[in-house]
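Taking it in order: structure first as structure tokens, then the write-up.
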Number of protein chains: 2
Amino acid sequence: MARTKEFNEDQALDKAIEIFWHKGYNGTSAQDLVTHLGLSRSSLYDTFGDKQQLFTKSLQRYQQQAQDAVKELLEKSENVKETLQAIFKQAVIESLEDRITKGCFMVNSSVELAMHDEEIAKIVKSNSQTMEEVFTNAVQKGQEAGHISKQLDAKVLARFIFNNYSGIRVLARAGERNKEVYDDIVKAVFSVL
Amino acid sequence: MARTKEFNEDQALDKAIEIFWHKGYNGTSAQDLVTHLGLSRSSLYDTFGDKQQLFTKSLQRYQQQAQDAVKELLEKSENVKETLQAIFKQAVIESLEDRITKGCFMVNSSVELAMHDEEIAKIVKSNSQTMEEVFTNAVQKGQEAGHISKQLDAKVLARFIFNNYSGIRVLARAGERNKEVYDDIVKAVFSVL
DNA sequence: AAAAATACGGAACAATCGTTCCTGAATTAG
DNA sequence: CTAATTCAGGAACGATTGTTCCGTATTTTT
């Protein structure tokens with residue numbers, strides 16, 4: 001006996017991700033959300049509670065999407081080193097071609113909110129742990145296959161890779177548009193593997 | 001025929017750096033500034049104009065201080081590699097011991113504001129360039145002295161070092177308190193040099 | 001047809017934002 | 001002393017913030 005929802009909640013979340021990613025939490029107003037999601041104020045608050053809940057859900061969804069992508073690539077990979085290189089190259093391409101450089105939503109949120117919001121801190125921490133595991137497993141696989149040097153522990157390399165990934169995303173957010181800079185970093189990173 | 005200033009403008013700026021660093025631009029209210037700087041609203045606006053100008057001046061001052069410190073250390077250094085290691089170790093210590101983890105003011109501001117504020121973008125860019133130069137000169141010196149591998153160009157290594165420095169500051173801002181994580185990253189970084 | 005649920009637009013809310021202004025006291029130099 | 005300047009405190013500004021609520025139209029199920 002009820003009317004059906006007219007908008008897709010996940011699609012709305014994707015749009016929320018876009019604008020929060022671009023403007024940050026504090027930089028995004030309720031009006032921004034109404035305009036960009038295409039929902040009325042009422043529907044927005046009925047569906048997602050308040051701004052904070054909407055942000056949290058957005059970040060969680062982003063995390064899931066980003067993790068799944070990397071995870072699948074690495075687990076299905078036959079040559080982990082090459083796959084890692086492809087992942088970094090993709091990050092570089094995105095950093096350069098995005099007319100609106102957004103960096104990484106997780107990094108941005110981490111810098112803006114992690115120390116002031118317990119819930120965000122949890123998400124960031126869980127993300128770091130998961131990514132560390134994913135990279136560690138990948139590196140291990142690569143070491144066993146002889147594609148990656150065994151000079152350093154898999155976990156050491158995983159943390160190192162993740163750190164450079166973060167760094168690159170900060171560079172992008174800062175508006176760096178010189179491809180050489182990114183390429184140099186990637187070159188140095190992979191000289192270790 | 002005039003009353004003399006009772007507060008030191010630079011000291012006030014240092015306090016502004018503290019709170020902007022901790023809470024970010026959007027997260028810091030005018031009241032926060034009044035409370036933390038110990039100035040009245042009127043004096044604050046008379047002296048610094050508005051919030052944006054105060055922030056800009058704070059960031060510029062921070063940049064100057066941070067650059068001078070690193071610059072002097074590296075230029076006076078007899079063993080650049082060891083000095084670089086000391087700089088990283090210091091960053092790790094700060095990340096761990098700061099009860100209130102603030103990360104790096106430049107990185108934070110870059111992530112929060114660079115894409116929305118032209119002036120901040122300029123400062124960030126000038127900072128990157130200067131740091132790149134400083135690191136490049138240092139690496140060159142280290143390579144000539146035989147302390148640092150010549151396998152990669154000085155500029156490549158400089159950008160690589162800077163990138164990992166940023167990454168570590170993001171980690172700190174995210175609240176990472178596990179020393180192993182930092183140590184692993186530093187270990188991997190210096191395996192390249 | 002009736003009832004239940006959803007969406008919408010917009011008015012309205014209190015709170016906070018950054019900023020300006022006014023008053024009066026304090027301090028300095030001529 | 002006088003004039004000039006700086007301070008603090010607080011009232012007040014309009015704008016914007018996030019949020020709630022109301023009225024109404026629409027769509028679905030019983």
Side-chain angles (χ1 to χ4, degrees), chain A residues 1-60 108-109 112-113 115-120, chain B residues 1-60 108-109 112-113 115-120:
Chain A
M1 15 170 149
R3 181 175 174 178
T4 55
K5 286 222 175 224
E6 287 188 1
F7 63 92
N8 183 311
E9 198 168 316
D10 281 342
Q11 285 178 358
L13 266 185
D14 283 336
K15 296 202 174 178
I17 290 176
E18 277 184 12
I19 192 161
F20 278 134
W21 190 350
H22 177 47
K23 296 192 160 193
Y25 178 80
N26 284 312
T28 303
S29 68
Q31 186 53 47
D32 286 336
L33 291 167
V34 169
T35 304
H36 201 258
L37 299 210
L39 297 184
S40 66
R41 249 177 192 64
S42 6
S43 304
L44 205 159
Y45 277 87
D46 281 350
T47 310
F48 298 106
D50 58 13
K51 188 183 168 186
Q52 190 158 336
Q53 290 178 47
L54 176 55
F55 185 88
T56 304
K57 271 192 188 165
S58 302
L59 187 58
Q60 281 168 334
N108 299 352
S109 306
E112 184 186 4
L113 303 170
M115 35 173 341
H116 304 293
D117 186 315
E118 189 81 17
E119 191 132 13
I120 301 298
Chain B
M1 13 172 152
R3 181 176 174 178
T4 54
K5 285 225 175 222
E6 288 188 1
F7 63 92
N8 183 312
E9 197 169 317
D10 281 342
Q11 283 178 359
L13 265 186
D14 284 336
K15 296 203 174 177
I17 289 176
E18 277 184 13
I19 192 160
F20 277 135
W21 190 349
H22 177 47
K23 296 191 161 194
Y25 179 80
N26 285 310
T28 304
S29 68
Q31 186 54 47
D32 286 335
L33 291 167
V34 169
T35 304
H36 201 259
L37 299 210
L39 297 184
S40 66
R41 248 176 195 64
S42 9
S43 304
L44 205 158
Y45 276 88
D46 280 351
T47 310
F48 297 106
D50 57 14
K51 187 183 168 186
Q52 190 158 335
Q53 289 178 48
L54 175 55
F55 185 88
T56 304
K57 270 193 187 165
S58 302
L59 187 59
Q60 280 168 336
N108 299 352
S109 306
E112 183 186 5
L113 302 171
M115 36 174 338
H116 301 107
D117 186 315
E118 190 80 16
E119 192 132 10
I120 302 297

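Letters go in sequence order (proteins before strands), and every chain restarts at 1.
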**Message:** Go through it in stages, so that I can follow the logic: the residues are A/Asp46 and A/Ser43, the test is side-chain hydrogen bond (donor to acceptor under 3.5 Å, both in side chains), and I'd like the CA-CA distance, side-chain angles, deciding distance and then a yes or no.
**Reply:** CA-CA 5 Å; A/Asp46 281 350; A/Ser43 304; 5.9 Å; no
**Prompt:** OP1, OP2 of D/dT6 versus side-chain N and O of B/Ser43: anything below 4.0 Å?
**Reply:** no
**Request:** If the plane angle is over 60° it's perpendicular, under 30° parallel, otherwise tilted; pick one for B/Phe20 and B/Phe55.
**Result:** perpendicular
**Item:** B/Leu39 CG - C/dT19 P separation (whole Å)
**Value:** 15 Å
**Request:** Mind calculating the distance between CZ (A/Phe48) and P (D/dT19) to the nearest angstrom?
**Result:** 14 Å
**Request:** Check step by step if side-chain hydrogen bond (donor to acceptor under 3.5 Å, both in side chains) holds for A/Asp117 and A/Gln52.
**Result:** CA-CA 10 Å; A/Asp117 186 315; A/Gln52 190 158 336; 3.1 Å; yes
**Prompt:** Do B/Ser42 side-chain and D/dG9 base share a donor-acceptor contact under 3.5 Å?
**Reply:** yes
**Request:** Please determine, for the side chain of B/Arg41, which listed nucleotide (D/dT20, C/dT19, D/dA8) has the closest atom?
**Result:** C/dT19
**Message:** Under 6.0 Å between ring centres: does that hold for B/His22 and B/His36?
**Reply:** no
**Request:** For B/Glu119, enumerate each residue passing the side chain to side chain donor-acceptor pair (under 3.5 Å) test, keeping only those at least two apart in sequence or located in another chain.
**Result:** none
**Message:** From CG of A/Asp50 over to P of D/dT20, roughly how many Å is that when rounded to an integer?
**Reply:** 7 Å
**Asked** Quick one: B/Asn8 CG to D/dT6 P, roughly how many Å, whole number?
**Response** 16 Å
**Asked** Given A/Gln31 and A/Thr35, is the side-chain hydrogen bond (donor to acceptor under 3.5 Å, both in side chains) satisfied, shown in steps?
**Response** CA-CA 6 Å; A/Gln31 186 53 47; A/Thr35 304; 3.1 Å; yes
**Spacing between A/Lys51 atom NZ and D/dT20 atom C1', to the nearest angstrom** = 17 Å
**Prompt:** Which of residues 13-38 of chain A have a heavy atom under 4.0 Å from DNA chain D?
**Reply:** A/Thr28, A/Ser29, A/Ala30
**Request:** Figure out the CG/C1' separation between A/Leu44 and D/dT20, and round it to whole Å.
**Result:** 13 Å
**Request:** For A/Asp46 and D/dG23, give me the distance from atom CG to atom C1', rounded to whole Å.
**Result:** 14 Å
**Fill in**
Closest non-hydrogen contact found for A/Lys51 with A/Leu33 is CG-CD1, 4.3 Å
**Message:** If you only use heavy atoms from C-beta on, which nucleotide in C/dG18, D/dT20, C/dC21 is closest to the side chain of B/Tyr45?
**Reply:** C/dG18
